[in-house]
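On a predicted model such as this, the values are computed, not experimentally measured, just so you know. Start at 1 with the first residue, then count along the sequence.
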Amino acid sequence: AVPDLELRRQTLKDQQAALVRQRAELDAALAQRAQAREVLQRDGGIDFERLKREQGDNAGLARILVATAESNDDPAQKVILLREAAVVQRSQLNDPQAAVALLERARDLAPGDAKLCIELALALGGSGDMARALEVLTSACETAEAGDRAVLLRARANTKAAAEDPGGA
């Protein structure tokens with residue numbers, strides 16, 4: 001009976017330690033989100049470089065940016081935050097698929113933003129989906145105004161050339 005009691009006591013201690021760790025992780029996530037909101041409210045925007053330095057956690061930064069975008073009512077601000085999160089995903093976390101998903105969400109909010117369509121196409125190309133990159137640019141060209149159309153056509157031509165010669169320049 002004593003060994004069973006000791007085993008049960010150890011199991012309860014292990015479970016308690018796991019709960020304490022989970023609580024600490026949740027508290028840290030809530031603190032990060034509160035910090036992002038505070039910066040957004042205080043500065044009217046987020047100083048991304050400062051957050052990166054302070055956090056030293058790019059995955060956490062990406063989560064903060066997405067969470068802040070989701071809680072923001074201003075579509076233009078959401079687009080900015082989703083773009084920044086995509087940059088972190090692509091360049092810091094080397095996750096082009098996550099970047100694509102974020103940029104697609106941003107494009108849904110700002111479908112006429114030519115630069116955003118180009119960013120999305122670059123992310124798609126970087127993830128190896130040249131066909132979708134060309135589709136995004138072609139679709140954007142069809143609805144763009146004259147000034148943006150020229151930029152989009154150039155981007156589409158470059159993307160098409162890269163698709164035809166993946167080992168090229």
What pair of heavy atoms forms the shortest contact from A99 to Q89, and how long is it? N-CB, 3.9 Å
Greater than 12 external heavy atoms within 6.0 Å of D14's CG: yes
Atom pair CG/CG of N72 and L65 - distance to nearest 0.5 Å: 12.0 Å
Gap between atom CZ of R105 and atom CG of L81 - 0.5 Å precision: 10.5 Å
State the CZ-CG distance between R83 and L103, to the nearest 0.5 angstrom. 8.0 Å
Answer yes if L102 and L61 sit in the same cluster of Ile, Leu, Val, Met, Phe, Trp and Tyr residues linked by side chain heavy atoms under 4.5 Å apart, and no otherwise. no
In terms of heavy-atom contacts, V100 and S127 come closest through CG2-OG, 4.2 Å
For A133 and A121, which heavy atoms make the closest approach, and how far apart are they? CB-O, 3.4 Å
Main-chain N/O of A155 paired with T159 side-chain donor or acceptor, under 3.5 Å: yes
hydrophobic_cluster_shared for L120 and L109, side chain cutoff 4.5 Å: yes
What is the minimum heavy-atom distance between A62 and L93, and which atoms define it? CB-CD1, 4.3 Å
Interatomic distance, R107 atom CZ to L82 atom CG [nearest 0.5 angstrom]: 13.0 Å
V88-L116 co-clustered via ILVMFWY side chain contacts under 4.5 Å: no
Applying a strict under-4.5 Å side-chain criterion to I, L, V, M, F, W and Y, I'd like to know whether V87 and I118 cluster together. no
Output for pair (D74 CG, I80 CD1), nearest 0.5 Å, gives 7.5 Å
Looking only at heavy atoms, what is the nearest atom pair of A144 and L152, with distance? CB-CD1, 3.5 Å
L12 and Q16, any side-chain heavy atoms less than 4.5 Å apart: no
Would you say R149's side chain and C141's backbone share a donor-acceptor pair under 3.5 angstrom? yes
Roughly how far, to the nearest 0.5 Å, is OG1 of T138 from NZ of K160? 8.5 Å
